[in-house]
Novice: 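Structure in C-alpha cells, see below.
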Amino acid sequence: MASCIDNAYRPLVAGLDVHDAYAGGDPNNTDKTTTAHIFLDTSGDNCYNKSGTEMRRICVDMDEVMADALGEHLLRYNKHFGEKITLKDLQGKWLWDVVSTDRHAVLDAYLRSEDFFEVLAVMPESQRVLHRLQMNYEVFIATAAMEVPTSFQAKYRWLAKHFPFIPASHIVYCGDKSILRADYLIDDNPRQLRRFKGEGILYNAPHNAGVKGYKRVNDWLEVEQLFLS
Ligand SMILES: [Mg+2]
C-alpha cells in the first residue's frame, strides 16, 4: 500500500501537518509532501494515513461536545436573574424548557452577544483526543452555526485558539446536519443524529438524558476508547 501512496496518492493540503499550516507555519507552503498525514487516492474520494490505512470520516459537533456552551448560558442566566439553576435541574430538558417564556428573549440575547461563543470552556480532554483522532480519521468540525448566525466569527476564533491543529477547510458551518457525508457524527442533539446517514454517536448532555437508540459517550475519554482503542 505504501508504494501506492508514493506513486498514486497526492497530499490533501487541508489535512497536512496542521501545526505547519496553523501554528506558526506558512499556510501558503505547497511543499507538504514531507509533513502530510492524510493522503487522497486518485479518485479524490478516499483518504489514507501515512501507513496506507483508509481513514474513515468523523464529524464533530461544537456546542456541548467540544465547547461548554450550556455552562456559560447557565452562568449568565443565573447571574442576571439571581437564580441557581444547576445541571441537575436540566435532566431531560433544555434550558429553554425550565426558563419562563418571558425570559426567552434574554436567553437568546446571551447567545447573540459578541463574546458568548468565544469565552466557552473547552470540554476536558477534547483537544488531546481530537488531535489523536486526526492521525487516524478524517476529522471535520460540524456546527449548526446557522442557528445563531452572529456566532460565526466568535466560533472561528474559539476554534483557532483552542484547536489550532484543525484546518479551516475542515470546519463546516451548517444548519441541518443530514447534509453531511461522513461515517460518524458525534453530537449531543438527537435531532441532528436522526437524519444523519452514517452512525450517530450521542454525546451525553443533560437535555438528552432520556434519549435511546444511539451509542452514547459520556466524555472524551469514552470517545477515545470508542475510536482509538
Ligand atoms: Mg451541540
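Note that ligands are numbered from 1 as they come in the structure, with each ligand's atoms numbered from 1 the same way. What's counted below: heavy atoms across the whole structure, side chains too, no hydrogens, waters or symmetry copies.
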Novice: Under 30°, 30 to 60°, or over 60°: which ring-plane class applies to H170 and F140, parallel, tilted or perpendicular?
Specialist: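 Parallel, since the angle between the ring planes stays under 30°.
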Novice: Does the distance from a Lys or Arg side-chain N to an Asp or Glu carboxylate O, for R76 and E83, drop under 4.0 Å?
Specialist: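 Here R76 does not pair with E83 in a salt bridge, since their nearest N and O are not under 4.0 Å apart.
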Novice: Between F152 and Y173, how do the two ring planes meet: parallel, tilted or perpendicular, split at 30° and 60°?
Specialist: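 F152 vs Y173 ring planes: tilted.
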Novice: Distance only, no hydrogens: is a donor on one side chain within 3.5 Å (strictly under) of an acceptor on the other, for T143 and K155?
Specialist: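 Yes, because at least one side-chain N or O of T143 sits under 3.5 Å from a partner of the opposite role on K155.
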Novice: Within 45 degrees of the axis of the six-membered ring of F81 and under 6.0 Å from its centre: does R103 put its NZ or CZ there?
Specialist: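 Yes.
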Novice: Using a 6.0 Å cut-off, check whether atom CD of Q153 has over 12 heavy atoms from anything other than its own residue.
Specialist: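 Not buried by this count: 12 neighbours or fewer within 6.0 Å.
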Novice: Mind counting the protein N, O or S atoms sitting less than 2.8 Å from the Mg ion (ligand 1)?
Specialist: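 With waters ignored, the protein N/O/S count below 2.8 Å is 3.
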